[in-house]
Each structure stands twice: as C-alpha cells, then as structure tokens.
Amino acid sequence: MSFPAVEHQLNIIRRGVEKIVPEEELVEKLKKSIETGTPLRVKYGIDPTAADVHLGHSVPLRKMRQFQDLGHQAVIIIGDATALVGDPSGRDEARTKKLTVEEVEENAQYYLNQVGKIIDLDNAEVHHNGDWFGKMDLGDILNLCGKVTIAQLLTRDDFSKRMEAEVPIYLHECLYPIMQAWDSVVIKSDIELGGTEQLYSFMLARDLQKDQDLNQQISVMSPILVGTDGTRRMGKSLGNYIGISEDAFGMMKKFMQLPDAVMKMYYELLTEIQLDEVEQILKGHPKDAKVRLAKTIIAEYHDETAACAAAAQWQKEIGEGNLPSDIPEKTISRSSLNEDGSLQAARLLKELELVPSTSQAIQRIKGGAVFFLIDSEKTKIADRGEWIHVEEGMVVRAGKKDWAKVKLSD
RNA sequence: GGGGGUGUACCCGAGUGGCCAAAGGGGUCAGACUGUAAAUCUGAUGGCUCAGCCUUCGUAGGUUCGAAUCCUGCCACCCCCA
C-alpha cells in the first residue's frame with residue numbers, strides 16, 4: 001500500500017480543521033504509515049439518537065472521506081450503548097428522552113444509509129459499541145470508572161458550565177465521555193474525528209490508550225458548523241439545519257436564506273473549492289456567491305442537473321416573485337362551507353392548514369400577509385371576518401412561505 | 001437525616017391579593033425595505049364560535065367576593081450541614 005507524501009496529506013487534512021492535537025504526532029504517524037505501508041485507523045463515532053444527517057454532521061464525515069481517499073481506514077462507531085446515556089456535549093441539561101434499543105437500531109440503519117452518501121461504506125469498518133459495553137460486568141465498569149477522577153470530569157466545559165448554572169449533572173452522563181474514550185481503546189484508533197466540543201473525550205481516550213500501552217490517538221477537530229440562523233450550532237432540535245436527504249429545491253430555499261456572514265465557513269467546510277478561489281467568489285455579489293454555494297453542495301447530494309434546476313426554480317419563483325410551483329393542495333369539504341359556498345377568512349386559513357390556530361390566522365390577516373388568487377387575479381384579504389367565496393383551484397397565501405391550493409370534496 | 005432557597009408563557013425574567021393573558025429583554029412569526037442576506041422600521045407572539053369568552057404562573061387542595069400573589073400537602077431542582 002502506498003500513500004501520498006506527508007505534506008500533501010497534511011494540506012488536505014488541515015483544511016477546515018480548527019485543531020489538531022497534538023499536531024507533531026500526526027506528522028510522525030503519517031510518516032510511519034508511509035514507511036510501513038499501513039493505513040491509519042480513523043475513528044468517527046455517531047450517536048444514533050436522531051435519524052436525520054444534516055450538514056453539521058457532514059463536516060467530520062467529509063473529513064473522513066478525505067482520509068479514505070488518502071488510503072486510510074475508516075472506522076465508524078455506532079454508539080448504541082452510548083446513545084442510551086445521551087451525549088452531554090454542548091447541552092445545558094440532560095437528555096430527558098430515553099431511547100429504546102429498537103429505536104436506536106432503526107436510527108442507526110437509517111443513519112448509515114445517509115452516511116454512505118459521504119463516505120465509502122464498502123471500505124469502512126462499522127462497529128456497535130454495545131458489542132463491547134454489553135459484555136462488561138460491574139467489575140469491568142468499576143475498573144473503567146477508576147481511571148477517571150471527578151475533578152478531571154469537572155474540567156469538561158459542559159459540566160463546569162452546568163455546575164456553575166446549578167443545573168444537574170447525572171452520574172450516568174459522566175460515563176459518556178469515558179465510554180466514548182474506551183471505544184478508542186477497543187478499536188485502536190490512530191485518529192479521531194469530531195467537533196471541537198469533543199476535545200475532552202478525545203483527550204481522555206489518549207489517557208486510556210496510554211494506560212493500555214496502546215498508541216495514542218490524534219484529535220482532528222472541526223469547527224462547529226453554525227445553522228441557518230447564523231448563530232447557533234446546526235442542530236435538529238434548533239430547527240436551523242439543512243438535511244442531506246432533503247429535496248434539492250428545499251435545500252436551495254434554505255441556502256438562500258443564509259446570512260452572508262456564514263458563507264465563508266460553509267465554503268470552507270462543505271465544499272472542495274480551493275480557498276483562494278473562495279475568496280474571489282466572496283468578493284463578487286453575495287447573491288451569486290450564495291447561489292454557487294448552494295448549487296455546489298446540492299450537486300453533491302443530488303446531482304448537477306438537479307442543482308441547476310433547483311437554482312433556476314428558485315430564481316423564477318422566489319427571485320422574480322412568480323407563483324410557486326410546489327403549492328400543496330388542501331382539501332376542504334363542501335359541508336364545512338356556508339350555503340353560498342363561502343367561509344370566513346380566518347377559518348379558511350385554518351381549514352387549509354396554513355396556520356396552526358385561528359389566532360394566528362387573525363394575526364397574519366392583520367399583518368397584511370394574506371391574499372388569494374383566482375385565475376391569477378389577486379385579491380387581498382384585510383379582515384378576518386370577511387366572507388370568502390371558496391372555489392376549486394383557488395390559491396391562498398398566508399405569508400411568504402405558506403401557500404395552499406383549494407380542492408373541494410363532498 | 002437536618003436547615004435554607006427556587007419553580008412564572010419558547011427562553012431569560014418582573015410581578016407578593018383585584019387595574020394580570022401577566023412588565024421588560026431575547027427568540028420566533030408577519031409586513032415594509034432588500035439580494036427571501038444584514039441593518040433598520042412596524043405589528044404580533046395561550047386558545048376560541050374574538051369589542052366577548054375559556055384555559056394558563058411546578059402540582060393537588062384550602063382561605064377569600066376575588067389568588068401568579070396568602071395557607072397546607074405533594075413533586076422537582078439548587079445550596080449548606082451531616
């Protein structure tokens with residue numbers, strides 16, 4: 001087995017990476033790998049608590065792919081045991097929801113399918129950490145716990161913040177980083193990938209590996225990708241994510257709403273475009289830069305054609321304000337209408353599921369967000385009590401993002 | 001086990017008997033402006049059959065004409081002592 005030169009590898013590895021600790025050791029490992037013709041074992045652990053893979057997850061996964069392309073061995077850990085604990089990273093409180101074994105397995109499968117869009121699964125090792133944690137007895141667990149002190153645990157940022165804020169830290173959560181670190185011992189990792197928030201667990205892994213007379217792993221940590229709101233980390237629960245399984249146009253719409261300020265980060269972490277070129281792109285009109293960004297990423301998860309189509313559709317329907325082509329059809333039963341076939345405006349919005357409550361319907365109407373179209377003739381609705389004659393095929397809008405087409409049924 | 005403290009809407013947080021569907025801020029949503037960016041401005045932010053009504057201030061009761069506010073039990077969390 002032969003590998004590219006160390007410098008070349010480092011160039012690729014360093015891109016979009018916030019911290020490599022310790023970096024000198026990485027160089028040594030790469031050299032040794034070239035000399036001996038042995039691929040490095042690169043670990044990435046996933047916690048199958050949520051099923052959707054989004055761009056945030058894709059950052060370390062892309063890094064993994066780069067390692068694979070350089071000839072190294074990908075090792076994926078499905079944290080079926082750790083998922084039962086819940087990752088305390090970056091959380092200000094414990095996870096309340098406990099997943100069942102079945103849910104975890106189901107998530108894991110779905111997860112892997114998506115992960116396969118980024119890395120080469122055929123050439124990756126996949127392990128479930130339940131395989132080894134499930135076999136441990138109390139003695140083993142106590143032995144493991146005996147390797148870490150409370151004081152060490154409390155140096156962990158999330159924990160110390162929680163202590164500070166007087167938010168509870170449960171004992172089982174303390175086990176999480178220890179388990180994660182133990183995974184590294186079991187699979188004998190050379191490198192571990194993840195976000196910077198994983199620093200603690202990654203370092204702990206080194207301690208445990210040393211304790212077992214193993215090679216110590218290097219941490220290659222990516223910055224945390226901010227979500228579409230431009231401030232908080234991308235996460236499903238925050239509703240600021242772009243999923244890698246979303247349809248092209250859906251992704252397009254989300255990309256175009258990104259704050260300009262995050263573009264640089266997205267280019268760096270989510271594309272392969274050379275950084276000096278990125279700089280050129282960002283000097284141009286921000287809108288063009290954003291379209292290019294969106295197209296590049298969408299093309300990776302769909303294809304070039306789909307990406308261009310999505311961009312064209314966006315320009316036409318949103319950029320130029322034409323009628324959207326993907327207006328969902330909503331059924332209204334004739335029996336819910338008045339004798340003359342009409343409905344009060346606020347009720348209509350609710351019937352069409354454009355708003356979750358009557359109160360919100362009223363708010364939207366007051367805010368001037370509501371109008372309807374019959375044969376492309378636009379009529380504004382200004383009063384919530386207004387009686388609207390409901391017709392088959394009429395299009396109702398209750399805000400930029402909320403459209404519906406009426407279908408009448410008996 | 002003992003003592004002290006806290007629990008308010010999505011979040012933070014004011015409110016200590018009626019004027020409280022509950023200040024203020026953040027967030028979010030809608031509108032204007034724009035490049036569906038940012039900034040700014042305006043409005044909204046429990047629900048409904050909406051100038052009225054119903055449900056909400058950890059939870060269950062109680063006192064009172066009237067409670068988020070007072071009392072009691074319970075629950076959860078934090079701190080101190082052991």
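Just so it is clear, the values below take in all heavy atoms, side chains as well, and ignore hydrogens, waters and symmetry mates. First the proteins, then the strands, lettered A, B, ... as listed; each starts at 1.
Formation of a donor-acceptor pair under 3.5 Å by the A:Asn338 side chain with backbone atoms of A:Gly341 is not found in this model. A:Asp190 places no side-chain N or O within 3.5 Å of a backbone atom of A:Gln217 that could act as its donor or acceptor partner.
In this model, no side-chain donor or acceptor of A:Asp288 finds a partner on the base of B:G35 within 3.5 Å.
A donor-acceptor pair shorter than 3.5 Å cannot be found between the side chains of A:Asp47 and A:Thr82. Neither side chain, A:Gln198 nor A:Ser219, offers a donor N or O lying under 3.5 Å from an acceptor on the other. Side-chain atoms of A:Gln313 and A:Lys316 include no donor-acceptor pair closer than 3.5 Å.
Ion pairing of A:Asp120 with A:Arg65 is absent here, as no side-chain N (NZ or NE/NH1/NH2) approaches a carboxylate O to less than 4.0 Å. Looking at A:Lys147 and A:Asp207, no side-chain N of the basic residue comes within less than 4.0 Å of a carboxylate O on the acidic one, giving no salt bridge. Between A:Arg15 and A:Glu268 there is no salt bridge, since none of the side-chain N atoms of the basic residue sits less than 4.0 Å from a carboxylate O of the acidic one.
Residue A:Pro286 is in base contact, counting any heavy-atom pair closer than 4.0 Å across all strands shown. In this structure, A:Lys366 reaches neither bases nor backbone, as no heavy-atom distance under 4.0 Å exists between it and the strands shown. Residue A:Gly319 is in sugar-phosphate contact alone, with no base atom involved, counting any heavy-atom pair closer than 4.0 Å across all strands shown.
B:A38 atom P lies 8 Å from atom CG of A:Asp260, rounded to whole Å. A:Leu354 places its CG atom 14 Å from the C1' atom of B:C29, with the value rounded to the nearest Å. The separation between A:Leu258 atom CG and B:G35 atom P is 18 Å, rounded to whole Å.
B:G1 and B:C54 have their P atoms separated by 45 Å, given to the nearest Å. The separation of B:A23 from B:U34, taken at their C1' atoms, amounts to 34 Å, rounded to a whole angstrom. Separation of the C1' atoms belonging to B:U56 and B:A9 is 8 Å when rounded to the nearest angstrom. Taking atom P on both nucleotides, B:C70 is separated from B:U6 by 11 Å, rounded to a whole Å. Annotation: B:A22 and B:A67 have their C1' atoms spaced 13 Å apart (nearest Å). Between the P atoms of B:C33 and B:G26, the separation comes to 24 Å (whole Å). Separation of the P atoms belonging to B:G46 and B:C57 is 15 Å when rounded to the nearest angstrom. Taking the C1' atoms as reference points, B:A14 lies 7 Å from B:G24, given to the whole Å.
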Report all interatomic pairs (protein N or O, nucleotide N or O of nucleotides 30-34 of chain B) with separations under 3.5 Å.
residue : atom : partner  : partner atom : Å
B:G31   : OP1  : A:Arg397 : NH2          : 2.7
B:G31   : O4'  : A:Gly367 : O            : 3.1

Report all interatomic pairs (protein N or O, nucleotide N or O of nucleotides 49-53 of chain B) with separations under 3.5 Å.
residue : atom : partner  : partner atom : Å
B:U49   : OP2  : A:Thr358 : OG1          : 2.9
B:C50   : O2'  : A:Arg384 : NH1          : 3.2
B:C50   : N4   : A:Ser359 : N            : 3.4

Polar pairs (N or O, both sides) under 3.5 Å between protein and nucleotides 24-28 of chain B?
none

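With a cut-off of 3.5 Å on both pairing distances, B:U16 has no Watson-Crick or G-U wobble partner at all. The partner of B:G43 is B:C29, by the rule that a Watson-Crick or G-U pair needs both atom distances under 3.5 Å. In this structure, B:C77 forms a base pair with B:G5, meeting either the Watson-Crick or the G-U wobble geometry with both donor-acceptor distances under 3.5 Å. Of all nucleotides present, none satisfies the Watson-Crick or G-U wobble test against B:G35 with each distance under 3.5 Å. Figure legend. B:A22 is base-paired to no nucleotide; pairs are counted as Watson-Crick or G-U wobble with both atom distances under 3.5 Å. Base pairing of B:A60 is made with B:U72, judged by Watson-Crick or G-U wobble geometry with both donor-acceptor distances under 3.5 Å.
Side-chain contact check for A:Gln9 versus A:Pro4: some heavy-atom pair is nearer than 4.5 Å.
Classification of the A:Phe371-A:Trp403 ring pair by plane angle, with boundaries at 30° and 60°, yields perpendicular.
Both tests hold for A:Lys254 against A:Tyr241: distance to the six-membered ring centre under 6.0 Å, angle to the ring axis within 45°.
Taking the nucleotide of RNA chain B with the nearest heavy atom to each of A:Pro356 and A:Gln315, the more 5' of the two is matched to A:Gln315.
No option in A:Arg41, A:Lys43, A:Arg206 other than A:Lys43 meets the side-chain hydrogen bond (donor to acceptor under 3.5 Å, both in side chains) test with A:Glu192.
Minimum interatomic distance between A:His389 and A:Met394 (heavy atoms only, all atoms of both residues): O-SD, 3.8 Å.
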